Amino acid sequence: MRRQLLITGCLLSYFYAIAQCPPAAIFVNRITAIEENNLPDKEKIKQLDSLLALYQQCFSQKDSIYARIVHRIGNLCHLEGNWPDALRYTKEAIAVNRTAKARQEAFLTNSYFNLGLFYNKLHLYPESHYYYDSCIIIGLKYPGKTAIALMAFEAKTFSLYGTGDYRRAIETADLGILVARSVQDTMSEVALLAQKAQSLLAVDDTSAGTVIRNALRLLPANAPPAHEVACYTIYASILGKEKQFGKAVAWYQHALQANREQQRWDQCARNTLDLGNLYAEDIKNAGTALRYYREGIQFAQKSGDPYVLAGVYNNIGYACWKLRQYRKALSYYQQGLNALPLHFKDTALQSNPGYHMLRNVANDYFVSTLLGNKGESLLALFRSDGDTVWLRYALSAFRAADISVDQMRWKQYGDPSRLFWRTRTRTMYQKAIETCYLLQDIPSAFHFFEKSRAVLLNDKLNELGARKYLSAADIAQEQQLRIQAVTLQQQLEATSPDAPLYVDTYRRLLNARDALERFIKNLEKAHPAYYQYKYDTAVYTVADIRKKLLAHGETLVTYFTTDSITFVLGISAGNSCLLKAAWNSREVKELMQLCTSPSLLNTQHQRYCVLANRLYRQLFAPLQLRGGSVIISPDEYLLPFEVLLSDSTDPNSFLLKQFAFSYTYAAGSLMKLRPERAAAAHSLLGIAPVNYAAYLQQQPLYGADESLLQIKKNYAAVYNLSGKAATRQHFLEQLPNSSIVQLYSHASAGSPDKDPVLYFADSALYLPEIQLLQDTVTALIILSTCESGAGVQARGEGVLSLARGFTLTGIPAIVTSLWQIDNEATYELTENFHRLLQSGLRKDVALQQAKLQFLANNDKGSRLPYFWAASILVGDAAPVPETRSRSGVSIWWIVVAIAVGLALIPVLLKKNR
């Protein structure tokens with residue numbers, strides 16, 4: 001309900017002096033006068049409320065003037081920190097200017113910008129970006145509002161940068177730069193160039209230097225100080241990256257001096273932090289670094305910003321840590337935690353903010369960094385004096401930091417943001433696991449192993465599991481929105497940035513993305529169970545894993561790798577161990593390179609044997625396992641353990657002969673991949689394009705259709721698509737209704753600039769599109785393609801591959817290939833696998849036996865790992881479910897029925913005699 005305040009005497013006398021109800025233009029003048037006076041914001045709100053009350057008495061219809069008054073009230077409420085009223089008044093201004101008869105559409109630009117700003121300050125980024133986009137769309141229609149549209153470009157770019165979505169930040173800046181140039185707004189162009197350079201720097205793009213130098217070249221002499229300082233600071237950062245340290249110091253000093261003159265104390269503090277970091281990290285002068293950090297304390301205290309002050313304390317602590325002054329470092333970290341607006345004032349080193357304090361933090365990254373650094377210093381203290389009490393304190397700090405990571409994770413929207421923050425927390429998880437190793441605390445170690453990886457995958461799986469709480473209409477609408485967003489993304493990628501259609505497509509894509517995010521957010525409010533499931537950050541315990549995942553005698557082996565060591569955690573039904581081993585990622589890469597090339601394996605076979613045995617001794621032998629099924633949860637690299645050799649003198653001592661291996665991106669994600677599967681229309685869907693459209697430039701895959709016919713003999717209700725029928729659309733239509741899917745085709749692992757791709761007879765399917773497949777009944781998909789398990793390496797997530805994409809759709813098991821495969825060997829292996837699978841064997845055992853049969857049936861040249869080791873099982877290793885058909889009775893039962901009928905004929909004839 002709108003507040004109806006009494007009109008002040010001064011205001012009443014003003015209006016009665018000119019008329020009982022003055023003309024509308026007088027109200028516009030009065031709005032401006034109130035906005036420009038020097039009264040406190042609260043007093044301005046009172047005056048505008050009074051003005052609004054008078055306007056409603058004088059005019060019965062809401063119009064653009066009414067909208068302007070409530071818009072101004074909304075902005076003042078925002079300055080007062082009254083977010084509910086700020087949002088309510090601003091949205092009312094928008095509603096009036098969108099629908100009223102006497103509306104002013106151009107003024108929507110102002111209101112949309114304000115809402116974008118408000119939501120950004122509230123850390124509600126999808127809503128913020130939606131309103132910034134709306135501001136841009138309307139603002140570009142009216143020349144007088146282009147400046148505000150450019151402000152929205154700047155604000156959105158900065159927001160995307162802050163959440164780690166650098167790719168979209170660069171795209172948004174580029175579009176804004178085009179607009180700024182078209183209207184010759186040099187200052188906006190400079191600001192957007194600077195922000196683009198900042199995002200390019202974050203992704204180590206060497207073009208960042210060229211971009212910021214262009215910004216400095218265009219920087220007007222009368223530029224606002226904030227823009228000037230931003231350019232100086234970004235340029236200094238780039239110079240530091242380019243190892244031009246002297247110049248970097250000089251430009252940071254320029255920025256610091258400009259901020260001093262403007263008394264922008266928070267920015268002065270940040271400048272001293274930058275200078276301190278440069279001296280600490282690059283120039284290796286800890287003393288000068290500390291001097292700048294201590295100067296930063298004074299600036300931070302003047303600024304009154306608790307997060308800036310906490311950041312200064314954190315960096316001083318870090319400098320002390322580098323000097324091995326661990327107790328001093330801990331003192332500063334604790335002061336940093338105390339400085340934060342958490343109501344946490346405990347100075348004892350063993351004390352950390354609790355969950356209820358941490359959940360209300362505005363900047364989780366500051367808190368998680370302080371807590372992680374604190375834990376690392378406590379770990380260093382243990383190494384210094386050997387007192388295990390420091391380890392227990394360190395573990396407590398790491399657990400608190402982990403809570404902060406969870407809070408941060410759910411405040412970031414979109415995969416790039418979540419992955420960005422996950423990457424930043426990698427070191428914290430490494431130190432936490434090291435602490436657990438020293439304490440031999442296996443339950444805590446497993447917690448940190450799981451929390452360190454697969455966040456994108458687990459978030460998606462949580463979302464899939466949560467879908468059971470939604471109606472069919474909700475699911476259909478969500479899928480429609482996803483399809484629309486993916487379609488527009490592809491259209492945008494196929495359109496030149498200079499084409500007239502580009503801006504319109506970009507606008508529609510932004511609207512489609514935001515519509516999807518708003519839809520999901522509304523579902524979370526409407527379905528609390530959905531919200532709880534999707535946002536559950538709890539990790540399964542060792543007891544959970546033993547009960548639900550290792551009930552049939554399997555062993556789970558999970559890894560966490562650093563540059564030089566790996567932590568190995570083995571868990572079986574009755575035992576567990578946590579080990580630390582040497583690790584050399586170059587050797588893993590070398591072994592993989594050898595396996596992917598038969599010529600290299602032949603010429604460098606001795607080197608292969610040495611590496612395969614060395615990695616066996618480092619990664620597997622210390623576990624002392626005695627055979628059976630093993631689930632491998634790798635970290636950075638998906639290494640086929642089957643190719644490791646238990647005896648360096650025996651080139652045939654493959655681990656394949658002792659163990660049936662399967663792989664999982666995280667144990668928790670594997671736990672989520674065992675839902676009930678509905679009956680399928682097809683027990684098997686077979687896909688074999690054989691030949692491809694000319695523009696795809698793929699070689700024919702001769703023999704794939706014949707292999708499908710051999711596999712078909714093992715199943716009832718088979719639906720085979722070969723040749724021209726093996727189209728992308730047919731695959732997408734039939735896969736969700738098929739229990740098992742066999743795909744023979746070509747694929748590419750992609751690159752940092754290109755998504756992994758899967759080829760069909762008529763067109764290609766890219767990794768992001770695979771996520772459009774929802775509500776599948778598929779229990780297993782066999783990707784007999786080249787490199788379907790390979791892809792772009794994402795730290796903390798593993799390989800983002802085609803196999804990963806199918807996992808994200810909820811398919812619980814995927815057989816995938818790690819390198820380019822030999823056709824004939826693949827046909828033989830795959831046919832053997834299907835036959836063994838239908839005999840009732842577990843999937844991992846069936847794949848192991850198929851490979852062993854291949855080794856037994858082929859000569860020495862074909863026994864090289866290149867021919868048989870590329871295919872691995874990712875996901876659920878349990879036997880495939882009974883392949884019943886929804887569409888009819890199986891052939892077997894028809895045969896039985898016919899046989900029974902024939903047997904009864906003589907009896908029936910005898911009765912009729």
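Keep in mind it's a predicted model, so treat the numbers as computed, not measured. As a basis for the values below, the full set of heavy atoms in this structure was taken, side chains included, without hydrogen atoms, waters or symmetry mates.
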| field | Whether over 12 other heavy atoms sit under 6.0 Å from Glu281 CD | value | yes
| N/O donor-acceptor pair under 3.5 Å between Ser597 side chain and Leu600 backbone | yes
| Value rounded to 0.5 Å, distance of CZ in Phe661 from CD in Gln848 | 8.5 Å
| request: Determine, step by step, whether Glu590 and Arg586 satisfy the salt bridge (Lys or Arg N to Asp or Glu O under 4.0 Å) criterion, reporting the C-alpha distance in whole Å, the side-chain angles of both residues, the deciding distance to 0.1 Å, and the verdict. | output: CA-CA 6 Å; Glu590 185 182 355; Arg586 290 191 302 275; over 6 Å; no
| query | Can you tell me if NZ on Lys712 sees more than 12 non-hydrogen neighbours from other groups inside 6.0 Å? | reply | no
| task | Mind checking the OG-CD1 spacing from Ser199 to Ile170? Nearest 0.5 Å is all I need. | result | 5.5 Å
| task | Determine the interplanar angle of the Phe654 and Trp868 rings, folded into 0 to 90°, and report it as parallel if under 30°, tilted if 30 to 60°, perpendicular if over 60°. | result | perpendicular
| query | Ring centroid separation for Trp583 and Phe567, is it under 6.0 angstrom? | reply | no
| query | What's the shortest heavy-atom distance between Ala764 and Val757, and which atoms? | reply | CB-CG2, 3.4 Å
| task | Applying side-chain contact (heavy atoms from CB on, under 4.5 Å), name anything that partners Ala704, two or more places apart in sequence or on another chain. | result | Ala688, Leu701, Tyr744, Tyr827
| task | Let me know which of Thr727, Leu765, Leu696 forms a side-chain contact (heavy atoms from CB on, under 4.5 Å) with Phe760. | result | Leu765
| message | With a 6.0 Å cut-off (strictly less than), is the heavy-atom count around CD of Gln699, excluding the residue itself, greater than 12? | response | no
| field | Nearest heavy atoms of Ala779 and Pro812, plus distance in Å | value | O-CG, 3.4 Å
| query | Is there a side-chain contact between Trp819 and Cys595, using heavy atoms and a 4.5 Å cut-off? | reply | yes
| message | I'd like to know whether Cys436 forms a side-chain contact (heavy atoms from CB on, under 4.5 Å) with Phe446, so could you lay out the CA-CA distance, the side-chain angles of the two residues, the decisive distance to 0.1 Å, and finally the verdict. | response | CA-CA 9 Å; Cys436 294; Phe446 180 70; over 6 Å; no
| query | With distance as the sole test, does Ser862 use its side chain to make a donor-acceptor pair with the main-chain N or O of Asn858 at under 3.5 Å? | reply | no
| Side-chain (Glu450) to main-chain (Gly668) donor-acceptor, under 3.5 angstrom | yes
| Side-chain (Asn613) to main-chain (Cys609) donor-acceptor, under 3.5 angstrom | no
| query | Okay, side chain of Lys843, backbone of Asp876: is any donor-acceptor separation there less than 3.5 Å? | reply | yes
| Among Glu824, Gln742, Glu831, the one residue meeting side-chain hydrogen bond (donor to acceptor under 3.5 Å, both in side chains) with Ser707 | Glu831
| said: Working note: Leu569 + Leu556, criterion side-chain contact (heavy atoms from CB on, under 4.5 Å); need CA distance, chi angles, decisive distance, verdict. | reply: CA-CA 8 Å; Leu569 176 58; Leu556 171 68; over 6 Å; no
| query | Are side-chain N/O atoms of Asn720 and Ser722 paired as donor and acceptor at under 3.5 Å? | reply | no
| request: Check side-chain contact (heavy atoms from CB on, under 4.5 Å) between Ser646 and all other residues, then give those that pass, not counting sequence neighbours. | output: Tyr616, Ser653, Leu655, Gln658
| request: Would you check if Leu623 and Cys577 make a side-chain contact, meaning some heavy-atom pair closer than 4.5 Å? | output: yes
| task | Applying salt bridge (Lys or Arg N to Asp or Glu O under 4.0 Å), run through Asp762 and Arg728 and close with a yes or a no. | result | CA-CA 7 Å; Asp762 62 331; Arg728 173 183 179 276; over 6 Å; no
| Can you check whether Val874 reaches Thr664 side chain to side chain, under 4.5 Å on heavy atoms? | no
| Non-hydrogen side-chain atoms of Gln820 and Thr596 separated by less than 4.5 Å | no
| query | So, do Ile687 and His730 sit near enough that their side-chain heavy atoms are less than 4.5 Å apart? | reply | no
| message | Less than 4.5 Å apart, side chain to side chain, heavy atoms only: is that true for Thr776 and Leu735? | response | yes
| message | Show the nearest heavy-atom pair for residues Lys851 and Leu656, with the distance to one decimal. | response | CB-CD2, 3.8 Å
| query | More than 12 heavy atoms of other residues, nucleotides or ligands under 6.0 Å from NZ of Lys724: is that the case? | reply | no
| request: Evaluate the criterion side-chain hydrogen bond (donor to acceptor under 3.5 Å, both in side chains) for residue pair Ser763 and Tyr695; output intermediate values, then yes/no. | output: CA-CA 9 Å; Ser763 59; Tyr695 81 95; 4.9 Å; no
| request: Scan side-chain atoms only and decide if Tyr715 and His834 contain a donor-acceptor pair under the 3.5 Å cut-off. | output: yes
| request: Could you tell me whether Asp204 and Lys241 have a side-chain N and a carboxylate O separated by less than 4.0 Å? | output: yes
| Between Ile632 and Leu639, does a side-chain contact (heavy atoms from CB on, under 4.5 Å) hold up when you go through it step by step? | CA-CA 9 Å; Ile632 299 290; Leu639 170 71; over 6 Å; no
| Got a sec, which residues hit side-chain contact (heavy atoms from CB on, under 4.5 Å) with Asn857, two or more places apart in sequence or on another chain? | Glu828, Gln853
| Rounded to the nearest 0.5 Å, how far does CG of Leu783 lie from CG of Leu758? | 7.0 Å
| task | Output the distance between atom CG (Leu721) and atom CG (Asp705), rounded to the nearest 0.5 Å. | result | 12.5 Å
| query | Given Ile631, which of Asp844, Leu550, Ile545 fulfils the side-chain contact (heavy atoms from CB on, under 4.5 Å) condition? | reply | Leu550
| task | Would you give the length of the straight line joining atom CZ of Arg863 to atom CG of Leu601, rounded to the nearest 0.5 angstrom? | result | 15.0 Å
| message | Between Glu587 (side chain only) and Asn584 (backbone N and O only), is there a donor and an acceptor less than 3.5 Å apart? | response | no
| query | If you measure from CG on Leu591 to CG on Leu611, what distance do you get to the nearest 0.5 Å? | reply | 5.5 Å
| Would Phe854 and Phe867 count as a close aromatic pair, with their ring centres under 6.0 Å? | no
| Thr561 side chain near Ser585 side chain, heavy-atom distance below 4.5 Å | no
| Would you call Val568 and Leu578 a side-chain contact if the rule is heavy atoms closer than 4.5 Å? | no
| request: Give the minimum heavy-atom separation between Asn714 and Gln838, together with the two atoms involved. | output: O-CG, 3.5 Å
| query | Regarding Arg626 and the six-membered ring of Phe659, is the cationic atom NZ or CZ under 6.0 Å from the ring centre and inside 45° of its axis? | reply | no
| Considering all heavy atoms, the nearest Ile821-Ala870 contact | CG2-CB, 3.6 Å
| What are the two closest non-hydrogen atoms of Leu847 and Ser871, and how far apart are they? | CD2-O, 3.9 Å
| query | After noting the C-alpha distance and the side-chain angles of Thr566 and Gln618, does the key distance pass the side-chain contact (heavy atoms from CB on, under 4.5 Å) rule? | reply | CA-CA 9 Å; Thr566 183; Gln618 290 174 348; over 6 Å; no
